[in-house]
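Please read the structure below before turning to the comments.
Computed over heavy atoms, backbone and side chain alike; hydrogens, waters and symmetry mates excluded.
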Amino acid sequence: MVTNAIRKISTAILAPAMALGATVGLASAPASAAVWNSCDQWSSTNLDGYKLYNNIWGSGAGSQCIWANSGTNWGVWANHPNTGGIKSYPNSTKTINKTIDSLGWLTSNYNVSVPSSGAYNTSYDIWDDNHQYEIMLWVNYHGAVGPIGSSQGNVSLGGHSWNVYKGTNGSNQVFSFLRTSNSNSGTVDVKPILSWIAHTKGWMPGNEIIGDVQFGYEVTSSSGGLNFTTNNLTVSGG
């Protein structure tokens with residue numbers, strides 16, 4: 001249920017509905033003119049220190065369009081069939097490039113509007129610079145979705161209570177933290193989560209370099225077209 005770097009750049013076969021979906025999708029963007037929008041499969045841009053990425057990577061995907069008013073205010077319209085399997089992970093990325101132990105802090109604020117139908121999760125996807133380890137933080141999820149691996153119990157860290165899972169997708173280790181109740185806004189103190197993984201559990205080295213912190217929507221199905229809006233997102237570390 002979790003993407004990895006290889007799968008995110010693999011070629012997906014898109015449904016013929018892409019052209020039609022593109023037209024409808026851009027009409028679903030906010031009334032204020034977006035500074036950037038695209039319906040291309042791999043489209044990306046850099047705004048305000050964040051990289052925005054449409055990232056339609058799963059097989060059997062439908063159509064999806066991304067828009068952005070800024071690096072911290074963006075969204076997507078997605079129309080993916082209810083056929084199982086993740087279709088896309090549109091996201092924004094902040095590059096950190098510091099070891100876990102050298103980080104003084106790593107925090108994020110999020111505020112999103114998500115649909116009440118479909119199958120998806122709203123998640124942080126945090127990678128080390130060698131893509132050996134993937135840390136996912138699900139702040140909300142809906143429908144037939146679930147994490148990779150086996151349950152490791154519950155823990156309260158970074159201002160939230162999480163159900164923790166540990167596994168592998170065949171390419172890298174995956175540590176998934178699923179918030180015990182859905183949230184559309186809040187602050188996550190990421191550094192204690194990374195330290196807990198490295199030092200309390202010993203699942204990865206403390207000198208591992210945290211490369212990218214991504215935030216977005218893993219969409220499994222959104223039949224008929226659904227909107228996912230990042231009203232505000234900030235990621236900062238030092």
Report yes or no: do [X] and [Y] form a side-chain donor-acceptor pair below 3.5 Å?
{"X": "Asn154", "Y": "Thr180", "answer": "no"}
{"X": "Ser113", "Y": "Thr229", "answer": "no"}
{"X": "Thr234", "Y": "Tyr110", "answer": "no"}
{"X": "Glu218", "Y": "Thr220", "answer": "no"}
{"X": "Asp212", "Y": "Thr93", "answer": "no"}
{"X": "Asn231", "Y": "Asn111", "answer": "yes"}
{"X": "Ser123", "Y": "Asn121", "answer": "yes"}
{"X": "Ser88", "Y": "Asn55", "answer": "no"}
{"X": "Asn54", "Y": "Gln64", "answer": "yes"}
{"X": "Asp129", "Y": "Asn97", "answer": "no"}

What closest approach, in Å, do [X] and [Y] show between heavy atoms, and which atom pair accounts for it?
{"X": "Tyr133", "Y": "Pro205", "answer": "OH-CD, 3.7 Å"}
{"X": "Ser108", "Y": "Tyr124", "answer": "OG-OH, 2.7 Å"}
{"X": "Ala144", "Y": "Ala119", "answer": "N-CB, 3.8 Å"}
{"X": "Ala78", "Y": "Ser222", "answer": "O-OG, 3.0 Å"}

Please tell me whether Val35 and Leu52 are part of a single hydrophobic cluster in this structure, the criterion being side-chain heavy atoms less than 4.5 Å apart.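 Linked, Val35 and Leu52 end up in one cluster.
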When rounded to the nearest 0.5 angstrom, what is the spacing between [atom1] in [X] and [atom2] in [Y]?
{"X": "Leu226", "Y": "Asn79", "atom1": "CG", "atom2": "CG", "answer": "8.0 Å"}
{"X": "Ser43", "Y": "Ile56", "atom1": "OG", "atom2": "CD1", "answer": "7.0 Å"}
{"X": "Gln132", "Y": "Met204", "atom1": "CD", "atom2": "CE", "answer": "9.0 Å"}

Test log, rule side chain to side chain contact (heavy atoms under 4.5 Å, CB included), inputs Asn163 and Phe177: CA-CA 6 Å; Asn163 293 318; Phe177 293 71; over 6 Å; no
Full working for side chain to side chain contact (heavy atoms under 4.5 Å, CB included) between Asn140 and Arg179: CA-CA 7 Å; Asn140 64 55; Arg179 201 175 186 277; over 6 Å; no
Flag the pair Trp74 / Ser92 as yes when at least one side-chain heavy-atom distance between them is below 4.5 Å, and no otherwise.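 Yes, close enough: below the 4.5 Å cut-off.
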What pairs meet the side-chain hydrogen bond (donor to acceptor under 3.5 Å, both in side chains) rule with one or both residues in residues 191-211, with sequence neighbours excluded?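 For residues 191-211, and leaving out neighbouring residues, the side-chain hydrogen bond (donor to acceptor under 3.5 Å, both in side chains) pairs sorted by first residue read Asp101-His199.
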Of the options [options], which is the one that meets [X] in a side chain to side chain contact (heavy atoms under 4.5 Å, CB included)?
{"X": "Leu194", "options": "Ile135, Thr99, Leu157", "value": "Ile135"}
{"X": "Tyr89", "options": "Trp57, Tyr53, Tyr120, Tyr217", "value": "Trp57"}
{"X": "Val190", "options": "Val235, Val213, Ile126, Thr107", "value": "Ile126"}

Validate the cation-pi geometry between Lys166 and Phe175: distance from NZ or CZ to the six-membered ring centre under 6.0 Å, angle to the ring axis within 45°.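 Not flagged: Lys166 not positioned over aromatic ring of Phe175.
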Determine the interplanar angle of the Trp127 and His131 rings, folded into 0 to 90°, and report it as parallel if under 30°, tilted if 30 to 60°, perpendicular if over 60°.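 Rings of Trp127 and His131: tilted, 30 to 60°.
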